[in-house]
Every structure is written in C-alpha cells, then in structure tokens.
Amino acid sequence: MMKQKITDLFKEKFGSVGEMFASAGRINLIGEHTDYNGGYVFPGAIDKGLMAMIRPDGSNTVKAYSMDYDQFAEFGLEEEDKPEQQWACYIFGVCREIIKRGGKIGGFETVFAGDVPLGAGLSSSAALESTFAFALNELFGCGLDKFELARVGQSTEHNYCGVKCGIMDQFASCFGRKDCLIRLNCKTMEYKYFPFNPKGYKLVLIDSCVKHELASSAYNKRRESCENATAAIRRNHPEVECLSDAKRLWLDEVREEIPEEDFLRAEYVIGEVQRVLDVCDALERGDYETVGEMMYQTHFGLSKLYEVSCEELDFLNRLARKCDVTGSRVMGGGFGGCTINLVKEELYDAFIGEAVKKFTEKFGHAPKIYDVVISDGARKL
Ligand code: ADP
Ligand code: MG
C-alpha cells in the first residue's frame with residue numbers, strides 16, 4: 001500500500017524509480033531511566049515505520065518530498081544549507097553527520113512516508129533518521145557500521161534538531177529484528193538479542209495524549225539524585241562508576257547519609273537493572289507471565305519511588321490490573337505519553353473497550369490505541 005503510493009508519486013515527481021528502504025519506530029519493554037545510570041534498556045523495533053524511495057541523481061542537492069506533510073524541500077549538503085522545514089532537517093542532519101564521518105555522498109531524489117504516530121513516544125524521528133542513514137550508507141558505499149549509523153541519527157537529533165537524546169531509539173531502529181528484543185548495556189554498549197514472540201498475547205500501547213510540563217526539570221532532578229546516591233556509595237565501594245554497578249546492599253549502607261528522596265530514586269534504578277535481567281531470563285523460558293509481573297513492578301517503581309508517573313498513567317495501570325492484563329507500565333520518561341501493555345488475546349477487546357470508556361469519562365478525551373508487533377529495523381526492501 002504505502003510502497004505503491006510512494007512508487008507512484010516518485011514516478012510522477014521524478015520521472016522514474018529509485019530503490020526502496022525502510023526502518024521502524026520502537027518500544028522499550030522494560031529498563032526505564034536506566035540509560036543515564038549505565039544500566040540496561042530493552043527495546044525492539046515495531047511494525048510501524050517509515051519507507052523511502054531514493055535515487056542518487058549525480059547532483060549536489062537533495063530533492064525530498066514528504067507525503068505525510070505534502071511538502072517538498074530542496075537543499076544542498078553544506079553546513080549553511082540547512083532547510084527550513086523541521087522534517088527536512090532530519091534528512092539534512094543525517095547527510096551532514098555521514099559527511100562528517102568521511103562518507104562521500106552526493107545529491108539524491110526521495111519520496112517518503114511513515115505510519116509511526118508523531119510525538120507519541122514511539123520514536124518516529126529515529127525511524128526517519130535510520131531509514132536515511134541506512135539507505136545513504138548503502139547507496140553511496142560509505143562503509144559505516146550499524147552502530148555508527150545509530151550514532152549518525154543520535155547526532156542528527158543533537159546537532160540539527162535540538163534534542164539531546166540517548167542512543168536507545170536509533171540503536172533499536174538500526175538493530176531491530178523481527179520477534180526479538182535487544183538488551184543494550186548503556187555503559188559498555190554490549191548488546192544481546194532475546195526472543196520475543198508472545199503467542200496468544202498482544203502488545204498494545206495506550207496513549208494518554210497528555211504531556212505534563214514538569215518533564216524536563218524533573219528529569220534533571222532525577223539525574224542529580226542518582227549522582228548523589230552514586231557518589232555516596234562510591235565512598236565505600238570505589239569500583240562503582242555508575243549507579244547500575246551498585247548492589248542493593250551498598251545502597252542500604254548509605255541510607256542515613258543521603259536524603260530519603262535520593263535513596264528512593266536509587267532504589268528504583270537498582271531494582272530496574274535487575275528486572276531487565278529477570279525479564280531476559282523469563283523470555284528464554286517463554287514465561288510471559290513473569291515478564292508481565294516485572295512490568296507492573298516497574299510501573300510501581302516509576303510511580304512511587306522514582307515519581308515520574310501521573311494521574312492519567314496510574315489510572316491506566318490500575319485499569320489494566322482490573323482487566324487481568326498480564327503486564328502494564330508507563331513507557332518512556334514519564335509525566336504523560338503511553339502505557340505499554342502485554343495482554344492475553346482473549347482479554348484484549350474487553351480491556352481496550354474498558355480503557356477507552358473509563359479514561360474518556362474521567363479525563364474528557366479519548367486515549368489512542370496502538371497495537372505493535374516486534375519487527376525488523378532498518379533495511380532495504
Ligand atoms: P517522536 O517521539 O515520534 O520521535 P519527535 O518530536 O522526536 O517525536 O519527532 C517527530 C518529528 O520527526 C516530526 O515533527 C517530523 O519533523 C519528523 N518525522 C517523523 N516521521 C515523519 C514522517 N513520516 N514524515 C515527515 N516527518 C516525520
Ligand atoms: Mg523523537
């Protein structure tokens with residue numbers, strides 16, 4: 001469908017066809033606020049993504065058509081050529097970051113479209129970056145490895161889009177593989193694939209469609225608490241570089257030395273690092289009930305210890321419990337956005353029906369529902 005539309009429009013705009021590439025948005029099953037503590041995250045690419053037809057044309061300008069915005073942009077490849085449209089800055093940034101890494105790329109024509117909801121926490125921006133990073137690397141023979149392509153996307157956000165993000169989103173959309181989640185150690189960058197193919201269950205996101213303003217100042221405060229706790233632990237255990245290195249017992253040793261708030265924050269992080277490992281063990285046994293229980297524990301921690309949930313998300317989480325959903329938790333930084341839910345197929349309709357009804361009654365607007373299946377990341381079609 002999307003492929004055909006893109007092909008047709010490419011022909012219409014540019015007179016022939018190019019090659020087709022795609023990438024994906026992502027979810028993170030568990031491992032929240034662990035990245036900046038050197039812990040694990042556990043993302044996977046999803047069956048919502050972005051597709052682009054691209055053809056190098058021997059020029060030194062990019063001619064790009066966004067189907068979703070119904071807009072055209074043309075720009076050069078030098079630093080001063082940054083386009084005006086925000087969506088085009090992502091493509092421009094990817095080009096610049098590849099060039100900075102020694103890639104020799106030239107002009108090209110492209111038409112692209114996607115189905116990752118924008119700004120919903122599924123990382124439509126990473127889908128866009130990794131599609132173009134992967135494609136341009138192939139088409140122009142730049143020889144960058146997948147990790148470097150993820151870095152290209154991350155640096156694009158930092159340097160051309162004003163978003164100081166970590167590496168998880170771009171990593172997931174570059175490395176994503178069907179029916180697999182990827183455990184990434186944010187300290188060493190080691191990663192490992194685990195099977196995720198929950199037969200008889202569905203993975204569904206419920207988007208509260210709220211974003212509370214506290215998010216960025218609270219985020220900085222959480223980071224500070226983690227650093228305080230780490231520094232206190234390090235006085236007894238000098239080998240502790242980041243909070244994820246600390247044992248639970250070591251945190252207890254310093255309880256009296258740090259503000260209770262910092263203790264609770266650290267308690268959450270240390271617990272969360274362990275939960276990721278427990279979920280990985282459970283997945284190797286195909287034990288999705290344990291996976292789900294860990295998701296609830298994470299939600300509890302994010303809500304009561306780390307305090308980054310909000311009324312809407314706690315409401316959705318309680319509702320999930322009531323409807324016998326296997327696992328449910330807030331996904332992402334918090335203060336709004338989605339819950340991610342693992343639910344038995346036979347309970348799905350009742351849960352979603354109830355969630356939409358009750359949420360709308362209470363908050364005056366409907367949540368959005370996104371079914372997701374773990375799928376391949378960046379690739380040539
Ligand atoms: P998200 O959480 O979805 O990544 P962001 O704000 O980081 O939200 O990125 C969304 C931005 O990425 C959009 O405003 C747009 O500029 C760009 N983008 C993502 N998907 C598309 C698309 N399909 N077409 C055009 N631009 C897109
Ligand atoms: Mg984004």
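Each ligand, and each atom within it, is numbered from 1 in the order the structure gives. Atoms considered below: every heavy atom in the structure, side chains included; atoms not considered: hydrogens, waters and symmetry mates.
Heavy-atom proximity to Trp87, at under 4.0 Å, picks out these atoms of ligand 1: 16 (O), 25 (C), 26 (N). The contact set between ligand 1 and Gly121, taken as ligand atoms under 4.0 Å from a residue heavy atom, comprises 2 (O). With ligand atoms numbered from 1 in the order given, ligand 1 contributes 23 (N) to contacts under 4.0 Å with heavy atoms of Gly114.
Looking at Gly332, Ala64, Ala52, Ser124 and measuring to atom 10 (C) of ligand 1, the nearest heavy atom belongs to Ser124. The residue from Cys161, Ala126, Ser125 that puts a heavy atom closest to atom 7 (O) of ligand 1 is Ser125. Within the set Pro117, Gly119, Ser66, Gly49, the minimum heavy-atom distance to atom 1 (P) of ligand 1 is found for Gly119.
In this structure, the protein non-hydrogen atom closest to atom 24 (N) of ligand 1 is Phe112 CE1, 3.5 Å. Looking only at heavy atoms of the protein, atom 11 (C) of ligand 1 is closest to Tyr90 OH, 3.7 Å. Nearest to atom 15 (C) of ligand 1 among the protein's heavy atoms is Tyr69 OH, 3.6 Å. The nearest heavy-atom contact from the protein to atom 21 (C) of ligand 1 is Leu118 CD2, 3.7 Å. For atom 14 (O) of ligand 1, the nearest protein heavy atom (residue, atom name, distance) is Gln86 OE1, 3.2 Å.
In summary, no N, O or S atom of Ser124 is located under 2.8 Å from the Mg ion (ligand 2).
When Arg329, Glu293, Glu272, His33 are each tested for a side chain to side chain donor-acceptor pair (under 3.5 Å) with Thr298, only one passes: Glu272. For the side-chain contact (heavy atoms from CB on, under 4.5 Å) with Ile30, the lone residue among Val291, Val276, Leu181 that qualifies is Val276.
Among the atoms of Leu128, none of the N or O lies under 3.5 angstrom from an N or O of ligand 1.
Only the side chain of Asp68 comes within 4.0 Å of ligand 1, judged by heavy-atom distances. Residue Leu50 touches ligand 1 through its side chain alone, judged by heavy-atom distances below 4.0 Å.
In this structure, the ring of Phe175 has its center less than 6.0 angstrom from the ring center of Tyr191.
Both tests hold for Lys13 against Tyr65: distance to the six-membered ring centre under 6.0 Å, angle to the ring axis within 45°. A cation-pi arrangement, defined by a distance under 6.0 Å to the six-membered ring centre and an angle within 45 degrees of its axis, is present between Arg183 and Tyr40. In this structure, Arg177 is positioned above the aromatic face of Tyr193, its NZ or CZ under 6.0 Å from the six-membered ring centre and within 45° of the axis.
In Lys104, the NZ atom is not crowded: 12 or fewer heavy atoms of neighbouring residues, nucleotides or ligands sit closer than 6.0 Å. No more than 12 heavy atoms of other residues, nucleotides or ligands sit less than 6.0 Å from atom NZ of Lys358.
Between the side chains of Asp68 and Ser66, no donor N or O sits under 3.5 Å from an acceptor N or O.
Phe359 and His365 have perpendicular rings, their planes meeting at more than 60° on a 0 to 90° scale where under 30° would count as parallel.
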